[in-house]
Amino acid sequence: MPEMPEVEAVCRRLRGQLVGLRIRSARVLRCADKALEQAVIRRTVTAVDRRGKHILIRLSGGITVHVHLRMSGNLFMIPDHRLSGASARIIVALAGGTGLVLEDPRALARAEAVGTRLINGEMEKLGPEPLSPVFTPDWLLEKARGCRQPAKLFLMDQTKVAGLGNIYAAEALFQARINPRKPMQTLARMRVERLYSAIVGILKDAVQSAYLAYSGPGDFQEAESFPLAVYGRQGEPCHACGATIRRLMQGGRSTYYCPGCQK
DNA sequence: AACACGACCTGGTAGC
DNA sequence: TGCTACCAGGTCGTGT
């Protein structure tokens, strides 16, 4: 479910509530190896970082809890660690009695306790953060050169740009008026620049709205107040040109696009 | 190298 | 109502 903006909202919220707290105990029900319980006990949370869609909870002693929410995961604090919900997969009891919960009805989320240096090395394999200065039109242009990948799959590829998922990739392509099937190498410079602007613009807005809407528990769908131009709208008219929004399959996922606007 | 596809999981919903 | 089929914001491993 969550893409970068939702993961960012999760991290910002956790950062304020979790940093400085000591872990009393942890209970792994699913989604992680049992070894995590012993790896985190009696350690203190020093920071909460994000890289792409990955959440990195830094602990004292050079340990990081690496969490990926995948499709339906959520991570939030509860006032009492004994009162977690039905789909709680990992429950961490903190000093003061509060709790940190990894919740995921589908149990596809994953967590692991690893060495901080090791996981930082792994994260280097990801593409740049789209809202960081490293991500530039030239960088995108360079990556697009000689790349035969369809534009949609390129945007979903976390080693190209970190954090875009199925929704925002589709929305960015719509805004840039690029057909999702178009191979990256065939895009003229101007269109790549337009794509760059669309990615940055959409993610900035989405981060803002995800942060304002996100309250911890509950799901992101309800919290989603970001206006979607094409995603999930197949059969409906395009707001820009009136053509019917279509759905196609790419890499086993649905892609939504406007055949009138996106050439 | 570049793709397709199944696996991992459960829940919601549309259609009969 | 109750069943089935399909769909879901992600990633990985395997096979062609």
Side-chain angles (χ1 to χ4, degrees), chain A residues 1-11 28-33 50-55 66-75 85-90 102-112 119 122-123 125-127 130 143-174 180-186 199 202-203 205-207 209-211 213-214 217-236 245-257:
Chain A
M1 181 169 279
E3 299 183 30
M4 182 278 256
E6 292 76 27
V7 176
E8 175 64 17
V10 167
C11 287
V28 172
L29 306 176
R30 292 182 72 168
C31 299
D33 194 290
R50 180 190 59 74
R51 186 71 175 83
K53 302 171 196 167
H54 300 257
I55 299 168
H66 169 218
V67 182
H68 199 296
L69 300 175
R70 301 279 188 102
M71 299 283 267
S72 50
N74 197 357
L75 187 64
S87 51
R89 306 305 184 189
I90 301 175
L102 173 69
E103 211 175 71
D104 186 359
R106 287 173 74 176
L108 293 172
R110 287 293 173 265
E112 56 172 352
I119 194 66
E122 288 295 307
M123 293 295 114
K125 295 175 187 167
L126 295 173
K143 281 289 164 185
R145 191 186 335 227
C147 177
R148 281 171 304 227
Q149 228 172 359
K152 169 73 168 0
L153 294 180
F154 176 93
L155 294 184
M156 298 277 290
D157 182 345
Q158 301 299 299
T159 68
K160 305 291 201 309
V161 190
L164 282 171
N166 209 27
I167 292 180
Y168 299 120
E171 293 296 315
L173 287 168
F174 171 78
R181 281 193 273 224
K182 202 99 177 122
M184 282 305 287
Q185 64 178 358
T186 67
I199 293 168
I202 279 173
L203 287 180
D205 288 353
V207 163
S209 88
Y211 179 60
Y214 180 67
D219 83 338
F220 298 97
Q221 218 154 7
E222 282 174 34
E224 184 60 71
S225 56
F226 188 83
L228 301 174
V230 286
Y231 184 83
R233 296 193 62 238
Q234 104 256 27
E236 296 175 36
I245 305 296
R246 285 201 196 138
R247 179 168 80 109
L248 64 91
M249 295 305 276
Q250 285 181 298
R253 319 285 309 275
S254 292
T255 296
Y256 300 87
Y257 72 106

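The sequence lines fix the lettering, A, B, ..., with proteins before strands; numbering per chain opens at 1.
For B:dC9 and C:dT4, the P atoms lie 23 Å apart once the distance is rounded to whole Å. Here the separation of C:dC6 from B:dC5, taken at their P atoms, is 15 Å to the nearest Å. Taking the P atoms as reference points, B:dG11 lies 22 Å from C:dT11, given to the whole Å.
Comparing B:dT10, B:dC8, C:dG10 by their closest approach to the side chain of A:Arg30 singles out B:dT10. Each of B:dC9, C:dG10, C:dC7 was ranked by its minimum atom distance to the side chain of A:Lys53; first place goes to C:dG10. Closest to the A:Arg148 side chain, of the nucleotides B:dA2, C:dG9, C:dG10, is B:dA2. Side-chain proximity of A:Leu108 to the nucleotides C:dC7, B:dA2, B:dC9 is greatest for B:dC9. The listed nucleotides are C:dG9, B:dC3, C:dT11; the one nearest the side chain of A:Asn166 is C:dG9. The side chain of A:Ile167 approaches C:dG9 more closely than any other nucleotide in the set C:dG9, C:dA8, B:dC3. Closest contact between the side chain of A:Pro150 and the listed nucleotides C:dT11, C:dA8, B:dC3 involves B:dC3. Considering only the side chain of A:Pro105, B:dG11 comes nearest among B:dG11, B:dC3, B:dC9.
Looking at A:Gln250, its side chain never comes within 3.5 Å of a backbone N or O of A:Leu153 through a donor-acceptor pair. With hydrogens and angles ignored, the 3.5 Å screen pairs a side-chain donor or acceptor of A:Arg89 with a backbone N or O of A:Asp104. Proximity of a side-chain donor or acceptor of A:Asp33 to a complementary backbone N or O of A:Glu112 within less than 3.5 Å is not detected. Between the side chain of A:Arg50 and the backbone N or O of A:Gly52 there is at least one donor-acceptor pair closer than 3.5 Å. Between the A:Lys53 side chain and the A:Glu8 main chain, no donor and acceptor come within less than 3.5 Å of each other.
Dashed line: the shortest gap from a side-chain N or O of A:His68 to OP1 or OP2 of C:dT11 is under 4.0 Å. Taking 4.0 angstrom as the limit, A:Tyr231 places a side-chain polar atom (N or O) nearer than this to OP1 or OP2 of C:dG9. Taking 4.0 angstrom as the limit, A:Arg110 places none of its side-chain polar atoms (N or O) nearer than this to OP1 or OP2 of C:dC12. Phosphate contact (OP1/OP2 of B:dA2, side-chain N/O of A:Gln149, threshold under 4.0 Å): absent.
Between the P atom of C:dC12 and the CE atom of A:Met156 lies a distance of 12 Å, rounded to the nearest Å. The distance between atom CG of A:Asp104 and atom P of C:dG9, rounded to the nearest whole Å, is 14 Å. Taking atom CZ on A:Arg70 and atom P on B:dC8, their separation rounds to 12 Å, with Å as the unit. For the pair A:Arg181 CZ and B:dC3 P, the interatomic distance rounds to 14 Å; values are reported in whole Å. For the pair A:His54 NE2 and C:dT11 P, the computed distance is 6 Å after rounding to whole Å. Rounding to whole angstrom units, CD of residue A:Gln250 and P of C:dG10 are separated by 14 Å. Rounded to whole Å, atom C1' of C:dC7 lies 10 Å from atom CD of A:Gln234. Rounded to whole Å, the distance from CG on A:Asp157 to C1' on B:dA1 is 13 Å.
Each of A:Gln158 and A:Ser254 lies near DNA chain C, and the nucleotide nearest A:Ser254 is the one positioned closer to the 5' end.
Counting non-hydrogen atoms under 4.0 angstrom, A:Phe154 reaches nothing in the nucleic acid. Note on A:Ser87: nothing from the nucleic acid sits closer than 4.0 angstrom, heavy atoms only. Nucleic acid contact for A:Gly165: sugar-phosphate only, since backbone atoms but no base atoms lie under 4.0 Å from a heavy atom of the residue. As judged by a 4.0 angstrom heavy-atom cut-off over every strand, A:Arg253 is placed among the base-contacting residues.
In this structure, C:dC6 and B:dG12 make a Watson-Crick or G-U wobble pair, each of the two defining distances being under 3.5 angstrom.
Residues A:Tyr231 and A:Glu171 are in side-chain contact: their nearest non-hydrogen atoms beyond the backbone lie under 4.5 Å apart.
Each of A:His68, A:Met4, A:Gln158, A:Glu122 was evaluated against A:His54; a single residue qualifies, A:His68, per the side chain to side chain contact (heavy atoms under 4.5 Å, CB included) test.
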